Amino acid sequence: MVVNNDLIADLQARGLIAQMSSEDELAKHLSEGSRTLYCGFDPTADSLHIGSLVPLLTLKRFQLAGHKPLALVGGATGLIGDPSFKAQERQLNTPEVVAGWVDKIRAQVSQFVDFDCGQNSAEVVNNLDWIGKINVLDFLRDVGKHFAVNAMIQKESVKQRIEREGEGISFTEFTYMILQSYDFAELNKRNDCTLQIGGSDQWGNITGGIDLSRRLNRSQVFGLTLPLVTKADGTKFGKTEAGTIWLDPAKTSPYAFYQFWLNTADADVYKFLKFFTFLSPAEIDEIEAADKAAQGRPQAQAILAREVTRLIHGQGGLTAAERITEALFSGDDEQLSAEDYAQLQLDGLPSSVLDPSTLGETPLTQVLADAGMAASGKQVKDALGRNAVFINGQPVGLDDMMNSPAVFAADRARFGRYFLVKLGKKKYHLFATAV
RNA sequence: GGAGGGGUUCCCGAGUGGCCAAAGGGAUCAGACUGUAAAUCUGACGCGAAAGCUUCGGUGGUUCGAAUCCACCCCCCUCCA
């Protein structure tokens, strides 16, 4: 197996390295042969979100460089809850729920790495397979004995839980670090895994595993963490008005996903290209230079959206997302054919069925709020008052609020049944009457 | 088990009997400006088209009137045992 020695340099150029244990030795270790590394993903929901994308893609980067990735799904740790940098104790989920999530996460994780590429084919492992079997006394004697509580409470990741007035940490969550450390030692023993990667919030857990592997297996293993993705304006990455951006297309449509990336701020977009795409740092620098030289709108966001959407949702998902975007934002939705409308629905443009005969006294605010265009009728009302609502290109205002039947009258529909409603600059919803 | 502190609208955080649907900040939404950026400015920000209705851990109570007072209960934190 040929390994690519430029991996660390590439990761550095992308800004993807937050911390590394024994830097020089790790670089040497990786350059001397194909290594096995792992990254854990706890089932905390029925889908991963884009917060997991950086580690996921980094596993892929290691695989492309000739190393063997293990994606660990935390069937056991997901039952406990990682306290790292969490302000509050978390609610435990039932074993049945977590088991269901494990299946989903396993399937998602599997999309990103190659399972059939010879020696460095990826594997998915579940820590419930070993943690689930260990008994308490063995655990306390063989594993727990290696951890000094004095050191554990010094970890930055649990400091605010320990020091902050009004918060605390249960023994259950406090133990999480030990479980994750044990994972690393176990994978080191059974798979010869010598590197763990993870978000920078995982540093404390990873170093715990490094120490434990040395004590238990007398082997040197390494850790590498990835930076927390931050935005220049200080707001949280990965959230929009509609909530978390999920990887599951059933939870976040490819169109919404594409739009999320397209809306990336200039100040973040080149960094994100390096984080989330496989374009080389040199190519990305060229894009940046070209954007700087040109006036007006940069091309970077479109490239980012295209690359990431294709990566997650495939060419089909990307095509659908671009089709909707083109139809809605090109400014000439009057050009759409009846087939185009049908296609937009299939592509995942938010849409719903409308029965004009039931509208009656229903205020327009309620119709749009019920369709999910706004969190409440109040917000729709605000938009109506500011002339921010358009139906098939025609402005509607407060006067129309109590006039839903007329607004959605058949003679105002496109092709007799479609109403494309725009609220604000970016929110679209397609209402269609039944055929 | 004992002593003390605390639970306020998405988050942080004011508010100790009426002027409180509840200060301020953040987040979010809409408008202007733009490039479906950023920054800035404006408006909204419990629900409701409105009349009005429902909130300040829970349940009762005092009062003309409670987020604010009382009782009990639940949860969290600190210290002691």
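As the structure is a computational prediction, the values presented were derived from the model and not from experiment.
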Counting only Watson-Crick and G-U wobble pairs with both atom distances below 3.5 Å, the stems of 3 or more consecutive pairs that include RNA chain B are B:1-7 with B:74-80, B:10-12 with B:24-26, B:28-32 with B:40-44, B:57-61 with B:69-73
So, for A:F431 and A:Y418, is the gap between ring centers shorter than 6.0 Å? no
Just the table, please: protein N/O against nucleotides 45-48 of chain B N/O, every pair under 3.5 Å.
residue	atom	partner	partner atom	Å
B:G48	OP1	A:G377	N	3.3
B:G48	OP2	A:G377	N	3.3
B:G48	N7	A:K378	NZ	3.4
B:G48	O6	A:K378	NZ	3.2

Report yes or no: does A:R161 contribute a side-chain atom to a donor-acceptor pair with the main-chain N or O of A:F85 at less than 3.5 Å? no
Using a 4.0 Å heavy-atom cut-off, does A:T325 contact any base of the nucleic acid, only the sugar-phosphate backbone, or nothing at all? base
If I take atom NZ in residue A:K381 and atom C1' in nucleotide B:A49, what distance separates them, rounded to the nearest angstrom? 7 Å
Compare side-chain N and O positions of A:R297 against OP1 and OP2 of B:U34 and report whether any pair is under 4.0 Å apart. no
Heavy atoms only, 4.0 Å cut-off, all strands: where does A:K236 land among base, sugar-phosphate and nothing? nothing
Compute whether any side-chain donor of one residue and acceptor of the other, for A:D42 and A:Y176, lie under 3.5 angstrom apart. yes
Close side-chain approach of A:L26 and A:L224, heavy atoms under 4.5 Å: yes
Aromatic A:F237 / basic A:K231 pairing, under 6.0 angstrom, 45° off normal: no
State, yes or no, whether a side-chain contact exists between A:L128 and A:N126 at a heavy-atom distance under 4.5 Å. yes
